[in-house]
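See structure below.
Values reported hereafter were calculated over all heavy atoms of this structure, with side chains retained and with hydrogens, waters and symmetry mates removed.
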Amino acid sequence: MLITEVLKPRGNWQTITEATDKNLHLEHLEDLILNDGYQGAATALKYVNALRMMLNVGGEGQSKVTVKWDGAPAIFCGTDPVDGKFFVGTKAVFGKTENKAAKTSAEIDNWYPGEGLNKKLKIALSELSKLGIQGVLQGDMMFTADDIQTATISGEDVYTFTPNTITYSVPVDSDIGKRIKSANIGIVFHTTYTGETLADMKAEFGAKVGSLKQTSSVWFDDAYYKDVGGKATLTSQEDKVVSNGLGQAQVTLKKATPETFNKFLEDPALATWLKPFINKRITAGTSVGEPIQFVKEFIEYFKEKMEGEISKLKTGAEGPAAQKRLEKILATEKFVEDNLNTILIVMAVYKQVIQLKLKLLKKLERIEQSVGTFLKTDDGYKVTNPEGFVAFGMEGGAVKLNDRLEFNKANFNQAKSWSK
């Protein structure tokens with residue numbers, strides 16, 4: 001289906017590639033710009049264009065999209081290539097010095113003592129071993145039997161489960177509802193690992209589950225994007241809007257050379273604090289907004305951070321440690337003043353990529369789903385979209401696509417009951 005461009009990490013880019021890393025972290029599409037400057041911006045726009053092409057009638061490509069299920073915890077399981085034994089665990093299974101691939105309940109007790117996680121891993125060890133997994137898979141746990149609740153949503157009796165932030169529902173009298181109700185565990189697999197040892201394994205996005213053994217006690221699926229009804233195809237007008245937006249973003253990007261565009265990466269404060277500042281705004285329900293106002297508010301945010309650190313120093317505001325922080329504030333203010341036009345271009349492109357992403361998400365979110373998605377509120381259930389999507393290249397590069405204002409704000413404030 002999708003992306004022909006392969007992501008090549010540089011700088012502090014944390015997106016995984018199958019040749020170098022494990023699937024432990026995914027970056028948001030727009031954050032490629034903050035990680036890798038001009039090259040990241042160019043790659044983000046190529047992703048947008050590839051998505052646009054995929055969503056055209058008959059659009060095809062060399063890469064794929066998966067739906068991002070909001071499951072938790074992340075489960076790694078399969079056959080240890082060294083001894084051939086089945087194991088389960090968290091990302092700790094890939095440890096270089098000690099891989100915590102639990103093959104017995106006793107090992108789960110030793111390595112994963114937290115009550116909620118411990119219980120779920122024991123169920124996973126017992127149930128997922130029935131699937132005959134050859135190799136290693138990563139998936140998001142959606143439920144165990146005691147997570148299944150009953151509710152009435154829009155007059156329909158449904159089974160619900162809330163693994164993380166989103167509540168999923170299926171009609172009680174549907175085939176999938178009956179399968180989920182009879183299962184002891186539910187999991188969606190999305191990543192495959194290969195290698196001669198666990199520590200050396202490489203990740204490949206996507207998981208083929210067709211060969212797994214069927215058992216009534218395990219409900220499982222893959223995460224591949226499936227637009228069976230064709231509802232996510234762009235109309236000619238929608239395609240034109242996205243194409244025009246891409247052109248405008250390219251024009252904005254070309255207002256700076258790669259060298260000048262990347263200047264913002266040279267300031268330690270911008271490199272370190274831009275993402276936390278953006279996340280803080282999202283948690284408060286605020287978008288990036290107008291670039292010049294965004295930059296002004298970032299400076300105030302950075303000042304508050306430094307002043308907060310100064311207030312905790314034992315040597316007080318006059319000590320050398322405090323003076324260093326005051327110097328950082330002045331240096332960052334001077335840097336922003338000297339490079340304001342370039343920084344505004346960076347944030348303008350960042351905002352344009354978000355706008356293009358949201359246009360494409362509106363189409364992706366129209367896929368027909370067998371499982372409903374809701375957010376629990378004090379007034380009942382509010383219909384919401386899936387957590388998002390993952391776009392990945394044939395050679396392993398991948399980025400996360402979601403509406404951060406809708407999903408991440410809720411996610412930042414959601415307690416993870418399974419981790420207790």
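Within the model, atoms CG of L198 and CZ of F94 stand 6.5 Å from one another, a figure rounded to the nearest 0.5 Å. To the nearest 0.5 Å, atom CG of residue L29 and atom CG of residue L356 are 9.0 Å apart. Atoms CG and CG, on N99 and D80 in that order, are 6.5 Å from each other to the nearest 0.5 Å. In this structure, CD1 on I310 lies 4.0 Å from CG on L326, to the nearest 0.5 angstrom. Distance check: L405 CG to T283 OG1 gives 10.0 Å after rounding to the nearest 0.5 Å. Atom CG of D140 is separated from atom CG of N164 by 9.0 Å, given to the nearest 0.5 angstrom.
With respect to Y168, the side-chain contact (heavy atoms from CB on, under 4.5 Å) criterion is satisfied by exactly one of T162, T160, D70: D70.
Across all their heavy atoms, V390 and A398 have their closest contact at CG1-CB, 4.0 Å. Between F76 and K91 the shortest heavy-atom distance is CE1-N, 3.3 Å. Listed here is the closest heavy atom pair of P163 and M141: CB-O, 3.7 Å. Residues L117 and P73 approach most closely at CD1-CG, 3.7 Å, considering heavy atoms. Here the shortest heavy-atom pairing between A269 and T332 reads CB-OG1, 3.2 Å. Looking at every heavy atom in both residues, V353 comes nearest to L45 through CG2-CD2, 3.9 Å.
The aromatic rings of F374 and Y381 sit perpendicular to each other, their planes meeting at more than 60°, with 30° as the lower class boundary.
T384 places none of its side-chain heavy atoms less than 4.5 Å from the side chain of T165. For the pair V93/Y193, no side-chain contact is recorded, criterion being any heavy-atom separation below 4.5 Å from C-beta on. Residues M142 and V371 are not in side-chain contact: their nearest non-hydrogen atoms beyond the backbone lie 4.5 Å or more apart. Side chains of R404 and D31 form a contact here, defined as non-hydrogen atoms less than 4.5 Å apart. The shortest distance between side-chain heavy atoms of I133 and C77 falls below 4.5 Å. Looking at heavy atoms from C-beta onward, H28 lies in side-chain contact with N402 at the 4.5 angstrom threshold. In this structure, Q248 and V251 have side chains that are not in contact, with every pair of non-hydrogen atoms separated by 4.5 Å or more. Counting heavy atoms from C-beta outward, I75 and L121 have side chains that approach closer than 4.5 Å.
For K334, the side chain to side chain contact (heavy atoms under 4.5 Å, CB included) criterion is met by D338, not counting sequence neighbours. Remark: L358 pairs with I354, L361, D403 by the side chain to side chain contact (heavy atoms under 4.5 Å, CB included) rule, at least two apart or across chains. Among residues two or more places apart in sequence or in another chain, the salt bridge (charged side-chain N to carboxylate O under 4.0 Å, His left out) test is passed with E327 by none. Among residues two or more places apart in sequence or in another chain, the side-chain hydrogen bond (donor to acceptor under 3.5 Å, both in side chains) test is passed with D221 by none. Legend: residues meeting side chain to side chain contact (heavy atoms under 4.5 Å, CB included) with T235, ordered by chain and number and at least two apart, are Q237, E238. Judged as a side-chain hydrogen bond (donor to acceptor under 3.5 Å, both in side chains), and not counting sequence neighbours, K240 has no contacts. By the side-chain hydrogen bond (donor to acceptor under 3.5 Å, both in side chains) test, E98 is found to be paired with W111, residues two or more places apart in sequence or in another chain being considered. F143 is linked by a ring-ring contact (aromatic ring centres under 6.0 Å, His included) to F161, counting only residues two or more places apart in sequence or in another chain. A search for side-chain hydrogen bond (donor to acceptor under 3.5 Å, both in side chains) contacts involving D83 returns K103, not counting sequence neighbours. For Y38, the ring-ring contact (aromatic ring centres under 6.0 Å, His included) partners two or more places apart in sequence, or in a different chain, are F261.
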Which pairs of donor and acceptor atoms, one on a side chain in residues 295-307, lie under 3.5 Å apart (sequence neighbours left out)?
residue, atom, partner, partner atom, Å
E297, OE1, R281, NH1, 2.3
E297, OE2, Q293, NE2, 3.0
K303, NZ, E333, OE2, 2.9

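A donor-acceptor pair under 3.5 Å is absent between the side-chain atoms of N118 and the main chain of P113, judged by distance alone. Under the 3.5 Å distance criterion, the side-chain polar atoms of K314 are left unmatched by any main-chain donor or acceptor of K312. The backbone N or O of Q134 sits nowhere less than 3.5 Å from a side-chain atom of T79 that would complete a donor-acceptor pair. Here the side chain of N262 pairs a donor or acceptor atom with the backbone of P258 at under 3.5 angstrom. With hydrogens and angles ignored, the 3.5 Å screen pairs no side-chain donor or acceptor of S126 with any backbone N or O of I123.
Residues N339 and T342 have side chains that never bring a donor and an acceptor to within less than 3.5 angstrom of each other. For the residue pair D239 / S236, no side-chain donor-acceptor distance below 3.5 Å is found, with atom types taken as modelled. Side-chain atoms of K120 and T144 form a donor-acceptor pair, as typed in the model, at a separation below 3.5 Å.
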Run the numbers on I33 and Q39 for side chain to side chain contact (heavy atoms under 4.5 Å, CB included), then give the verdict.
CA-CA 8 Å; I33 300 168; Q39 180 59 44; over 6 Å; no

Determine, step by step, whether V65 and L401 satisfy the side chain to side chain contact (heavy atoms under 4.5 Å, CB included) criterion, reporting the C-alpha distance in whole Å, the side-chain angles of both residues, the deciding distance to 0.1 Å, and the verdict.
CA-CA 10 Å; V65 168; L401 308 166; 5.5 Å; no

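A distance of 6.0 Å or more separates the ring centres of F294 and Y350.
Of the charged side-chain nitrogens involved, none lies within less than 4.0 Å of a carboxylate oxygen, so that K100 and E107 do not count as a salt-bridged pair. We find that K130 and E127 are joined by a salt bridge, their nearest charged nitrogen and carboxylate oxygen being less than 4.0 Å apart. With respect to the salt-bridge test (charged N to carboxylate O, under 4.0 angstrom), the residues E27 and K275 qualify.
The salt bridge (charged side-chain N to carboxylate O under 4.0 Å, His left out) pairs that include a residue from residues 259-273 are K263-E266, where partners are two or more places apart or lie in different chains.
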